[in-house]
Amino acid sequence: MNKINTLVISTLFISFLGMTSIASANDPVTTKEKGREAIILTEKERHAVLTEMRGFLESVQTIVVGLSKNDWESTSKAARKSGMVEQTGMPKSLGKKLPKAFKILGQKTHKAFDQLALDIKDMEDKQQALEQLGSLMKNCVSCHALFKFETEK
Ligand code: HEC
C-alpha cells in the first residue's frame with residue numbers, strides 16, 4: 001500500500017469514528033426528529049409545571065450573575081430555590097400523568113440544585129460551581145428533547 005492510500009484509509013477511519021461519537025453525543029436530536037413524547041395535562045397542571053420551569057430559568061440566571069460577582073450568598077439561595085423544596089406545591093394529580101423518565105430527570109435536577117446550593121456555600125469556588133451548573137443543565141436539555149406538554153381537549 002502506498003502512502004496516499006494509507007492516508008486516505010486512516011482519514012476515512014478517523015471520520016467514521018468521529019461520526020459515531022457525534023451520533024451518540026447527539027442522542028436527544030435523534031429523539032427530537034422522531035418527535036417528542038406528548039404529556040397530556042389539564043390547563044392547571046400545565047400551568048403549574050411551566051411555572052416551575054420558569055423558576056428553573058430564573059435560578060440559572062441569578063446563579064450566573066451571582067457567580068460573576070462572587071456573591072456566594074445570593075447564588076446559593078438561588079440554587080436552593082430550585083431544589084426539592086420547589087416541588088411541594090405541585091398538583092397531586094400530576095403524579096399519575098408524568099412518565100417515569102420525566103420524574104427521574106425532574107428529581108435529579110432538583111437534587112442537583114440542592115447540592116449546588118450546599119457546595120457553593122462550602123467551597124466558594126466559581127469554577128466548581130460553573131461545572132456543576134453546566135452538568136445539571138444537561139437534564140434541562142435532555143428532558144426538553146424528550147417531552148412536550150399538551151392540554152386535554
Ligand atoms: C423532567 C423534564 C424537564 C426538565 C428536567 C426541565 N424541563 Fe423545562 N420544560 C419541560 C417541558 C416538557 C416543557 C414544555 C415544552 C413544550 O411543551 O414544548 C418545558 C418548558 C420549559 C420552559 C418554558 C416555560 C413556559 O412558560 O413556556 C422553560 C423556560 C424551561 N422549561 C426551562 C428549564 C430549565 C432552565 C431547566 C433546567 C434547569 C429545565 N427546564 C428542566 C421539561 C423539563
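In this chain, residues are counted from 1 in sequence order. Side chains are part of it too, since the values below use all heavy atoms of this structure and drop only hydrogens, waters and symmetry mates.
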*Would you call T51 and R54 a side-chain contact if the rule is heavy atoms closer than 4.5 Å?*
yes

*asked:* In the structure I gave you, are the side-chain heavy atoms of W72 and E124 within less than 4.5 Å of one another anywhere?
replied: yes

_Close aromatic pair by centroid cut-off 6.0 Å: F56 and H110_ = yes

*Minimum-distance pair of heavy atoms, taken over all atoms of T75 and L67*: OG1-N, 3.5 Å

_Is there a side-chain contact (heavy atoms from CB on, under 4.5 Å) between M84 and K111? Walk through the geometry before answering._
CA-CA 6 Å; M84 291 302 278; K111 283 187 181 151; 3.8 Å; yes

_Atom of A48, atom of P91 and distance for their closest heavy-atom approach_ = CB-CD, 3.6 Å

*Is there a donor in the side chain of E52 and an acceptor in the side chain of Q87, or the other way round, less than 3.5 Å apart?*
no

_Would E131 and K126 count as a salt bridge (Lys or Arg N to Asp or Glu O under 4.0 Å) here? Give the steps._
CA-CA 9 Å; E131 274 173 31; K126 193 188 301 190; over 6 Å; no

*Answer yes or no: is there a side-chain heavy-atom contact under 4.5 Å between I120 and D125?*
no

*Exercise: identify the closest heavy-atom pair between R80 and A117*: N-CB, 3.7 Å

*Which distance, rounded to the nearest 0.5 Å, do you find between the OG of S82 and the CD of E58?*
8.5 Å

_Please say yes or no: joined through hydrophobic side-chain contacts below 4.5 Å, possibly via intermediate residues, are L133 and M123 part of one cluster?_
no

*Do V65 and L130 belong to the same hydrophobic cluster, where Ile, Leu, Val, Met, Phe, Trp and Tyr are linked whenever their side-chain heavy atoms lie under 4.5 Å apart, directly or via other members?*
no

*State yes or no: do M137 and L105 share one hydrophobic cluster built from I, L, V, M, F, W and Y residues joined by side-chain heavy-atom distances below 4.5 Å, directly or via other members?*
yes

*Find the distance between CZ (F147) and CD (E37) and round it off to the nearest 0.5 Å.*
5.0 Å

*State, with a plain yes or no, whether a side-chain heavy atom of K103 is found less than 4.5 Å away from one of K108.*
no

*Between Q128 and D119: side-chain donor-acceptor atoms closer than 3.5 Å*: no

*Under a single-linkage definition using a 4.5 Å side-chain heavy-atom cutoff for Ile, Leu, Val, Met, Phe, Trp and Tyr, are V60 and L50 assigned to the same hydrophobic cluster?*
yes

*asked:* Counting C-beta onward and ignoring hydrogens, is there a side-chain heavy-atom pair between V85 and F113 closer than 4.5 Å?
replied: no

*Is there side-chain contact between I39 and K148, with at least one heavy-atom pair below 4.5 Å?*
no

*Interatomic distance, S135 atom OG to Q115 atom CD [nearest 0.5 angstrom]*: 11.5 Å

*Taking all heavy atoms of T42 and all of K97, pick out the closest pair and write down the distance.*
CG2-NZ, 3.7 Å

*Determine, step by step, whether I40 and T151 satisfy the side-chain contact (heavy atoms from CB on, under 4.5 Å) criterion, reporting the C-alpha distance in whole Å, the side-chain angles of both residues, the deciding distance to 0.1 Å, and the verdict.*
CA-CA 5 Å; I40 316 291; T151 40; over 6 Å; no

_Under a 3.5 Å distance rule, please check whether N139 uses its side chain to pair with a backbone N or O of G106 as donor and acceptor._
no

*Do I63 and L57 belong together in a cluster built from hydrophobic side chains that touch within less than 4.5 Å?*
no

_Residues in salt bridge (charged side-chain N to carboxylate O under 4.0 Å, His left out) contact with E43, at least two apart in sequence or another chain_ = R46

*Close side-chain approach of E73 and D71, heavy atoms under 4.5 Å*: yes

_Heavy-atom closest pair, residues L41 and E45_ = CA-OE1, 3.4 Å

*If you take all heavy atoms of S74 and G66, which pair is closest and at what distance?*
OG-CA, 4.2 Å

*asked:* How long is the straight-line distance from OG of S76 back to CG of L116, given to the nearest 0.5 Å?
replied: 8.0 Å

